[in-house]
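Reminder, nothing fancy here: chain letters follow the sequence lines and each chain counts from 1. Just so it is clear, the structure is predicted and the values come from calculations on it, not from any experiment.
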Amino acid sequence: MPTVREDVQYDPSNAEDILRFAKELKGKTLGEWIIDHENDRPPVNRKGRFGQILEDVVFGIPNNSKKAPDLEDVGIEIKSTPIKIEGKKKVPKERIVLSMINYMTLLEEGWDMSFFKKNGKLLIIFYLYEKRKRISEYKILDAILWEYPEEDLRIIRDDWNVIARMVKEGRAHEISERHTMYLAACRKGISNDKDSQRQPYSDEKALRRAFSLKQSYVGQIWKSADSESIVRCANMNKTFEEEVLDRFTPYVGRSTDEIEAMLGITFEKNPKSRYAILANKMLGVKTKNIAEFEKADVYMKTIRLKADGVPKESMSFPSFDYTEIVRQKWEDSDFYNQLNRRFLFVIYRADGDGLRFENAMFWSMPQEDLQEAERVWKKAVQSFKESRFTERPKMTESKVSHVRPHGQSGKDRVMANDGSMQKKMCFWLNAKYLAEQIKTCGQRKI
DNA sequence: GCATGATCATGC
DNA sequence: GCATGATCATGC
């Protein structure tokens, strides 16, 4: 029996071609395939039905539960997973369920055979789940070929070991999803005795379980589908930071007009985000979601210097929630988390009427300044606790940071910890402090 | 010229 | 509709 039907429009032995075919599904619905099958395949909304139809009708792979991946030649397993709309965001609706766990054979099969061989490479089709629609109407959002990044694989392998160890210790019946990080043993089927499984080192029956990728991890995969990778095609001998800074090199010293001309962009108006947009363009990416930036928690900020090298403005951070902040400790506060990461400063300097791109640099806050920020934060929190909302730390009181309004207008108010309505505020890094940091950091040279 | 308050533009 | 990054405006 052939692995795939003969009329499929892709080459099942060529991963690239499979991905091409899958990408072409974007924007389509299963309805486009199953019209002719309406009678024998009523599109009832039933768990897993979307995946079955997709594999069968679109990819031409008959339903099976064999050990080998769906596309055996290239070792690719096809998975479809629903995305739902939550507020304004699209997020995964479920975990992705992988192969069943067979407690009796798990240990002898080992990591490779029991897990990696079938689940190591996934072709993931994301579709938009909409409550009132039939599955033939769900729109396919995206398709990606997923291979686990090295650092994720380490964690997943640890997760697998946790599960295997419990089987080895005769505790398969105690396995739970909360024991693992990315990979989980999720329950499968109904929880009655009839459905329970034997395990090798105990007489106790264990629930049927399958390997699955946790919903939060699916969220990471989904996000990465949506972002771009800088190092994907980069020179492997360079570090990530070197690669990033190199992208900016051709523009160093050029005026923003020149850069815009080089990049072929024009601004009709003069949006406040102009230089941030320009920074993204110089990096050579279309979106803001640069995969490595997200993973490494790098925070890109544009800075405009006056001719004398001092930033024109202080640097703002997201506004805080009074009710939250008074309950938080410094170590788990938002401001601490915002500061305690790597920054990428994209720096422009005033030159005549316009601006010149000076350079880009990575920066992290020195420890002693982080302590100073902590002092400012604690002072602000103390004032809020005592309902002294106007006595917030001013720029003159600390060399590092201060608190200032940050709303959409002066009328932009939020509920404070004492129930009163107060102006929306945020922490800022002082312009002068930034000037000093840029100077010392700049001497280390990019 | 600087500190502080206020607001704009974008995108989710 | 609002959070966010960024910048503008004003008064001392």
Engineer: Is a donor from one side chain sitting under 3.5 angstrom from an acceptor on the other, for D257(A) and S255(A)?
Structural biologist: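 Short answer, no.
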
Engineer: Given atom CD of E391(A) and atom P of dG5(B), what is their separation to the nearest angstrom?
Structural biologist: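 Taking CD of E391(A) and P of dG5(B), I get 13 Å after rounding.
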
Engineer: Would you indicate whether R154(A), at its atom CZ, is surrounded by more than 12 heavy atoms from other residues, nucleotides or ligands within a distance under 6.0 Å?
Structural biologist: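 No, CZ of R154(A) has 12 or fewer neighbouring heavy atoms, counting only those of other groups under 6.0 Å.
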
Engineer: Report, one line per pair, each donor and acceptor closer than 3.5 Å where one atom sits in a side chain of residues 398-412 of chain A; sequence neighbours left out.
Structural biologist:
unit_1: S398(A); atom_1: OG; unit_2: E372(A); atom_2: OE2; d: 2.6
unit_1: S398(A); atom_1: OG; unit_2: V400(A); atom_2: N; d: 3.1
unit_1: S398(A); atom_1: OG; unit_2: S401(A); atom_2: N; d: 3.4
unit_1: K399(A); atom_1: NZ; unit_2: D369(A); atom_2: OD1; d: 3.4
unit_1: S401(A); atom_1: OG; unit_2: W428(A); atom_2: O; d: 2.9
unit_1: H402(A); atom_1: ND1; unit_2: N430(A); atom_2: OD1; d: 2.6
unit_1: H402(A); atom_1: NE2; unit_2: R404(A); atom_2: NH1; d: 3.1
unit_1: H406(A); atom_1: ND1; unit_2: F317(A); atom_2: O; d: 3.2
unit_1: S409(A); atom_1: OG; unit_2: K411(A); atom_2: N; d: 3.1
unit_1: D412(A); atom_1: OD1; unit_2: K424(A); atom_2: NZ; d: 3.2
unit_1: D412(A); atom_1: OD2; unit_2: Q408(A); atom_2: N; d: 2.7
unit_1: D412(A); atom_1: OD2; unit_2: K424(A); atom_2: NZ; d: 3.3

Engineer: Toward the 5' end of DNA chain C, which comes first, K424(A) or W428(A), by nearest nucleotide?
Structural biologist: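 Residue closer to the 5' terminus by nearest nucleotide: K424(A).
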
Engineer: It should be established whether T302(A) places a side-chain nitrogen or oxygen under 4.0 Å from OP1 or OP2 of nucleotide dG5(C).
Structural biologist: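 No, no such contact exists.
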
Engineer: Starting at the 5' end of DNA chain C, which residue's closest nucleotide do you reach first, R404(A) or D412(A)?
Structural biologist: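 Its nearest nucleotide being more 5', the pick is D412(A).
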
Engineer: For K432(A) and Q408(A), take the nucleotide of DNA chain B holding the closest heavy atom to each; which residue's nucleotide lies nearer the 5' end?
Structural biologist: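 So the residue in question is K432(A).
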
Engineer: Whole Å only: how far is the CH2 atom of W222(A) from the P atom of dC12(B)?
Structural biologist: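 One finds 13 Å between P of dC12(B) and CH2 of W222(A), rounded.
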
Engineer: Check DNA chain B against residues 303-320 of chain A and give the residues with a non-hydrogen atom under 4.0 Å, in numerical order.
Structural biologist: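 Hits under 4.0 Å, by residue number: K306(A).
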
Engineer: Could you tell me the separation between the OH atom of Y275(A) and the C1' atom of dA9(B), rounded to a whole number of Å?
Structural biologist: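 Interatomic distance, OH of Y275(A) to C1' of dA9(B): 14 Å.
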
Engineer: Could you tell me how far apart M395(A) (CE) and dT4(B) (C1') are, to the nearest whole angstrom?
Structural biologist: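 It works out to 7 Å between those atoms.
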
Engineer: What is the distance, rounded to the nearest whole Å, between atom CE of M300(A) and atom C1' of dG5(C)?
Structural biologist: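 Whole-Å distance recorded here is 11 Å.
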
Engineer: Does Y299(A) put a side-chain nitrogen or oxygen below 4.0 Å from OP1 or OP2 of dG5(C)?
Structural biologist: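 Result: yes.
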
Engineer: CE of M425(A) versus P of dT7(B): gap in Å, rounded?
Structural biologist: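 One finds 13 Å between P of dT7(B) and CE of M425(A), rounded.
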
Engineer: Check whether any side-chain nitrogen or oxygen of K301(A) sits under 4.0 Å from OP1 or OP2 of dA6(C), and answer yes or no.
Structural biologist: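 It does, given that an N or O in the side chain of K301(A) lies less than 4.0 Å from OP1 or OP2 of dA6(C).
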
Engineer: Where is the tightest heavy-atom contact between R349(A) and K306(A), given as atom of each residue plus distance?
Structural biologist: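 Looks like CG-O, 3.7 Å.
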
Engineer: Check every strand shown and say whether H402(A) touches a base, only sugar-phosphate, or nothing at a heavy-atom separation below 4.0 Å.
Structural biologist: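 Answer is nothing: H402(A) stays at 4.0 Å or more from every strand.
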
Engineer: Just jot down the side chain to side chain donor-acceptor pair (under 3.5 Å) partners of Y217(A), sequence neighbours excluded, or say none.
Structural biologist: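 Y217(A): side chain to side chain donor-acceptor pair (under 3.5 Å) contacts with D152(A).
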
Engineer: Does K117(A), at its NZ atom, have more than 12 non-hydrogen atoms belonging to other residues, nucleotides or ligands within less than 6.0 Å?
Structural biologist: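 Not more than 12 within 6.0 Å, no.
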
Engineer: Please give, in whole Å, the distance from dC2(C) P to D321(A) CG?
Structural biologist: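 So the CG-P distance, D321(A) to dC2(C), works out to 14 Å.
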
Engineer: Just wondering, more than 12 heavy atoms not from E397(A) lying within 6.0 Å of its CD?
Structural biologist: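 Yes, because the 6.0 Å sphere around CD of E397(A) holds more than 12 heavy atoms from other groups.
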
Engineer: Using whole Å, report how far NE2 of H406(A) lies from P of dA9(B).
Structural biologist: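 Spelled out: NE2 on H406(A) to P on dA9(B) is 14 Å.
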
